[in-house]
K.L.:
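The structure under discussion is supplied below as structure tokens; questions concerning it will follow.
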Number of protein chains: 2
Amino acid sequence: MPRLDESLLTHLPPFDGLSRTDIRRILDGAVSRRFEIGADIFREGEPADRFFLLLDGYIRVVRTTEAGEQITVLHIPAGQLFGIARAIGRETYPGRAVAAAECIVLCWPTALWDDFTRHYPGFGLSMARTVGVRLGEIQSRMQELATLHVEARIATALLRLITQTGRQTAAGVEIDFPLTRQDLSEMTGTTLHTVSRLLSAWQREGVVQSQHRRITVLDRARLEACAQHKG
Amino acid sequence: MPRLDESLLTHLPPFDGLSRTDIRRILDGAVSRRFEIGADIFREGEPADRFFLLLDGYIRVVRTTEAGEQITVLHIPAGQLFGIARAIGRETYPGRAVAAAECIVLCWPTALWDDFTRHYPGFGLSMARTVGVRLGEIQSRMQELATLHVEARIATALLRLITQTGRQTAAGVEIDFPLTRQDLSEMTGTTLHTVSRLLSAWQREGVVQSQHRRITVLDRARLEACAQHKG
DNA sequence: GCGATACTTTGAGCAAACGCAAAGTCCGAC
DNA sequence: GTCGGACTTTGCGTTTGCTCAAAGTATCGC
């Protein structure tokens with residue numbers, strides 16, 4: 001494998017302010033891997049013997065019910081650590097991490113975790129903050145699920161997606177990776193039928209534009225209005 | 001204030017295995033407080049300048065939407081640390097903590113947090129584990145909210161409550177503190193009307209027994225069956 | 001005991017969203 | 001280019017659970 005470039009890490013919070021040599025050491029412990037769309041990075045219940053940094057791409061963490069339904073519990077945008085189950089006292093991964101877009105990740109064995117936190121104080125802190133943010137996010141999503149109607153939930157999900165991974169185009173903001181109706185329904189706790197109907201309606205009204213697995217938001221303001229509505 | 005007894009802490013995970021003198025020091029930094037049912041222990045958005053240990057009682061953490069709806073994001077049974085927002089990098093409490101039963105808590109200023117984690121390694125570990133468990137719980141609740149019908153959600157909530165705070169009586173297992181239909185609806189993301197109808201039905205079938213704000217589960221197996229049903 | 005307040009029950013009507021079913025469309029592989 | 005599979009659309013009937021409304025009941029303070 002080629003030697004990894006130090007500039008990969010210098011601007012990311014966990015490694016912010018570290019010296020070149022420190023970063024060199026950290027990188028030398030890492031393996032870089034590439035995942036195709038749809039590939040599993042880790043699976044629910046697997047021993048949490050690795051942790052990761054997402055350099056590029058987009059990941060969703062899903063849980064599967066006994067009945068086989070899947071729901072997305074978490075989204076991870078580029079630049080974040082993930083798979084840090086061990087850091088919060090878990091032996092196994094609590095969900096499955098799927099590459100939503102093509103992903104480049106760095107991967108370390110869990111053993112290095114203690115090493116890093118001991119030698120680089122910013123690392124532990126940044127991790128705590130990541131967990132905190134994630135807890136907050138998930139609580140917000142729970143609140144949405146409990147109080148908002150389907151329309152508002154889907155609008156919220158789209159807005160979140162374009163903020164995190166939107167790509168500006170002539171027409172509007174496009175979500176930067178293929179996304180099926182099924183994916184959206186798993187994010188919002190509804191069915192792919194309902195999502196499809198809603199997107200069709202929004203398309204008729206010029207709010208979004210979508211063909212096959214690509215979605216572009218044309219009228220962000222309208223979507224935000226939808227996200228507010230309670231009923 | 002009377003001196004606190006050391007036996008309060010000796011058997012709790014965060015302080016497990018510490019010497020008498022260590023525990024003495026920890027207790028001397030704490031203030032003990034009592035909260036009546038319904039009292040706020042901390043409020044959403046307040047600076048997180050204290051953390052707590054719940055010695056006795058039961059706490060629920062609620063979030064309020066812009067529209068004023070409340071939903072319960074977390075339950076804390078006796079013996080757990082809570083209000084540890086600072087440990088996960090948050091400046092303010094992300095929700096409101098309400099005493100669901102009469103509560104006895106120990107309270108420390110946040111400043112002592114770093115002290116404890118530095119001197120007592122088990123403390124930091126136990127905290128990480130608490131956060132991990134809590135994240136897992138909240139993800140499960142989200143999954144329930146997304147996939148289960150109201151009936152199954154309410155059944156699940158009741159089962160959780162009797163496992164955590166159930167008191168065995170002649171007839172069955174009683175939830176050990178007053179609980180309104182409204183409370184249950186906030187835990188399950190529904191309306192108090194639906195909860196009331198459902199409890200009435202279950203009462204007719206001899207599954208639960210309830211009057212005013214006390215609920216007793218008579219037929220746990222039936223409730224578990226309800227909790228399974230997807231539709 | 002009396003009244004006020006908080007909590008609960010129940011009914012009727014209605015809308016949101018689901019389930020099922022079938023047809024249509026796009027894409028990649030060969 | 002054509003075939004197969006994955007993804008999407010749409011219609012229709014049904015159900016769940018919400019809203020609104022009103023009456024009933026328990027509890028607490030005085």
Side-chain angles (χ1 to χ4, degrees), chain A residues 36-38 65 67-71 98 100 102 144-158 175 177-205 208-216 226-227 229-231, chain B residues 36-38 65 67-71 98 100 102 144-155 157-158 175 177-205 208-216 226 229-231:
Chain A
E36 298 296 330
I37 288 182
T65 67
E69 289 163 301
Q70 307 213 331
I71 77 133
V98 185
E102 189 174 314
E144 286 163 21
L145 223 39
T147 62
L148 298 182
H149 280 202
V150 168
E151 187 185 37
R153 299 210 299 267
I154 296 175
T156 309
L158 285 180
I175 294 169
F177 53 84
L179 189 72
T180 66
R181 312 289 186 250
Q182 172 83 29
D183 291 336
L184 263 173
S185 75
E186 285 170 6
M187 293 169 54
T188 52
T190 180
T191 63
L192 77 162
H193 306 281
T194 303
V195 173
S196 177
R197 271 181 254 271
L198 211 46
L199 285 183
S200 299
W202 280 341
Q203 176 136 350
R204 272 193 296 278
E205 296 169 26
V208 304
Q209 169 107 36
S210 94
Q211 58 250 353
H212 200 49
R213 290 149 49 162
R214 312 227 63 115
I215 298 175
T216 306
C226 282
H229 274 300
K230 293 288 182 300
Chain B
E36 298 296 331
I37 288 182
T65 66
E69 288 163 301
Q70 308 213 329
I71 77 132
V98 186
E102 190 174 312
E144 287 163 20
L145 223 39
T147 61
L148 299 181
H149 279 203
V150 168
E151 186 185 37
R153 299 210 299 266
I154 297 174
L158 285 180
I175 293 167
F177 53 84
L179 188 71
T180 67
R181 311 290 185 248
Q182 172 85 30
D183 291 336
L184 263 174
S185 75
E186 285 171 5
M187 293 169 53
T188 52
T190 180
T191 63
L192 75 162
H193 306 280
T194 303
V195 173
S196 177
R197 271 181 253 271
L198 211 46
L199 285 183
S200 297
W202 280 341
Q203 176 136 347
R204 271 193 296 279
E205 297 168 26
V208 304
Q209 169 110 35
S210 94
Q211 58 249 354
H212 200 48
R213 289 150 48 165
R214 312 228 62 116
I215 298 176
T216 306
C226 283
H229 275 300
K230 294 288 182 302

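So that the names make sense, note that chain A is the first sequence line, chain B the second, and so on, each numbered from 1.
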K.L.:
With sequence neighbours left out, write down each residue that passes side-chain hydrogen bond (donor to acceptor under 3.5 Å, both in side chains) with A:T156, or none if nothing qualifies.
P.N.:
none
K.L.:
Check salt bridge (Lys or Arg N to Asp or Glu O under 4.0 Å) between B:E144 and all other residues, then give those that pass, not counting sequence neighbours.
P.N.:
B:R160
K.L.:
Taking side chain to side chain contact (heavy atoms under 4.5 Å, CB included) as the definition, give me every residue that meets it alongside A:E36, ordered by chain and number, with sequence neighbours left out.
P.N.:
A:R34, A:E102
K.L.:
What is the distance from CG of A:L184 to C1' of D:dC7, rounded to the nearest Å?
P.N.:
13 Å
K.L.:
Within this structure, what is the CD-to-C1' distance between B:E151 and D:dC18, rounded to whole angstrom?
P.N.:
17 Å
K.L.:
Between protein and nucleotides 28-30 of chain D, what N or O pairs are separated by less than 3.5 Å?
P.N.:
none

K.L.:
Under a 4.5 Å cut-off applied to non-hydrogen side-chain atoms, are A:L158 and A:L184 in contact?
P.N.:
yes
K.L.:
Can you sort out the partners of B:A100 under side chain to side chain contact (heavy atoms under 4.5 Å, CB included), two or more places apart, ordered by chain and number?
P.N.:
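Scan of B:A100 (side chain to side chain contact (heavy atoms under 4.5 Å, CB included), adjacent residues dropped) gives B:Y58, B:R60, B:F177.
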K.L.:
Please determine if a side-chain N or O atom of B:T190 lies less than 4.0 Å away from the OP1 or OP2 oxygen of D:dC18.
P.N.:
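Answer is yes, contact under 4.0 Å.
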K.L.:
From NE2 of B:H149 over to P of D:dT14, roughly how many Å is that when rounded to an integer?
P.N.:
17 Å
K.L.:
Below 3.5 Å between N/O atoms, which protein atoms pair up with nucleotides 4-12 of chain C? Just atom names and distances, please.
P.N.:
{"residue": "C:dT8", "atom": "OP1", "partner": "B:H212", "partner atom": "O", "Å": "3.0"}
{"residue": "C:dT8", "atom": "OP2", "partner": "B:R181", "partner atom": "N", "Å": "2.9"}
{"residue": "C:dT9", "atom": "OP1", "partner": "B:R181", "partner atom": "NH2", "Å": "3.3"}
{"residue": "C:dT9", "atom": "OP2", "partner": "B:R181", "partner atom": "NE", "Å": "2.7"}
{"residue": "C:dT9", "atom": "OP2", "partner": "B:R181", "partner atom": "NH2", "Å": "3.2"}
{"residue": "C:dT9", "atom": "OP2", "partner": "B:S196", "partner atom": "OG", "Å": "2.9"}
{"residue": "C:dT10", "atom": "OP2", "partner": "B:S200", "partner atom": "OG", "Å": "2.9"}
{"residue": "C:dT10", "atom": "O4", "partner": "B:H193", "partner atom": "ND1", "Å": "3.2"}
{"residue": "C:dG11", "atom": "N7", "partner": "B:R197", "partner atom": "NH1", "Å": "3.0"}
{"residue": "C:dG11", "atom": "O6", "partner": "B:R197", "partner atom": "NH2", "Å": "3.2"}

K.L.:
What pairs with A:R213 under side-chain hydrogen bond (donor to acceptor under 3.5 Å, both in side chains), at least two apart in sequence or on another chain?
P.N.:
none
K.L.:
Atom CD1 of A:I154 and atom P of D:dT8: how far apart are they, to the nearest Å?
P.N.:
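The answer, rounded to whole Å, is 13 Å.
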K.L.:
If you compare all heavy atoms of B:I175 against all heavy atoms of B:L179, which two are closest, and at what distance to 0.1 Å?
P.N.:
CD1-CD2, 4.2 Å
K.L.:
Rounding to an integer number of Å, can you tell me how far A:L145 CG sits from C:dA16 P?
P.N.:
19 Å
K.L.:
Could you work out how much the helix from C:dG1-D:dC30 to C:dC30-D:dG1 bends, comparing the axis of its first five pairs with that of its last five, to 10°?
P.N.:
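One end's axis against the other's: 50°.
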K.L.:
C:dA16 P sits how many Å from A:L148 CG, rounded?
P.N.:
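Nearest whole value for this atom pair: 15 Å.
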K.L.:
With sequence neighbours excluded, what pairs up with A:A155 under the side chain to side chain contact (heavy atoms under 4.5 Å, CB included) test?
P.N.:
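In terms of side chain to side chain contact (heavy atoms under 4.5 Å, CB included), with neighbours along the sequence ignored, A:A155 is linked to A:W202, A:L223, A:C226, A:A227.
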K.L.:
So, using side-chain hydrogen bond (donor to acceptor under 3.5 Å, both in side chains) as the criterion, who are the partners of B:S210 when residues are at least two apart?
P.N.:
B:R181
K.L.:
Rounding to an integer number of Å, can you tell me how far A:L198 CG sits from D:dT9 C1'?
P.N.:
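Computing the A:L198:CG to D:dT9:C1' distance gives 14 Å.
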K.L.:
Using side-chain hydrogen bond (donor to acceptor under 3.5 Å, both in side chains) as the criterion, list what pairs up with B:Q209, not counting sequence neighbours.
P.N.:
none
K.L.:
Throw together a table of side-chain donor-acceptor distances under 3.5 angstrom for residues 192-201 of chain A, partners on residues two or more places apart or in other chains.
P.N.:
{"residue": "A:T194", "atom": "OG1", "partner": "A:T191", "partner atom": "OG1", "Å": "3.0"}
{"residue": "A:S200", "atom": "OG", "partner": "A:S196", "partner atom": "O", "Å": "2.9"}

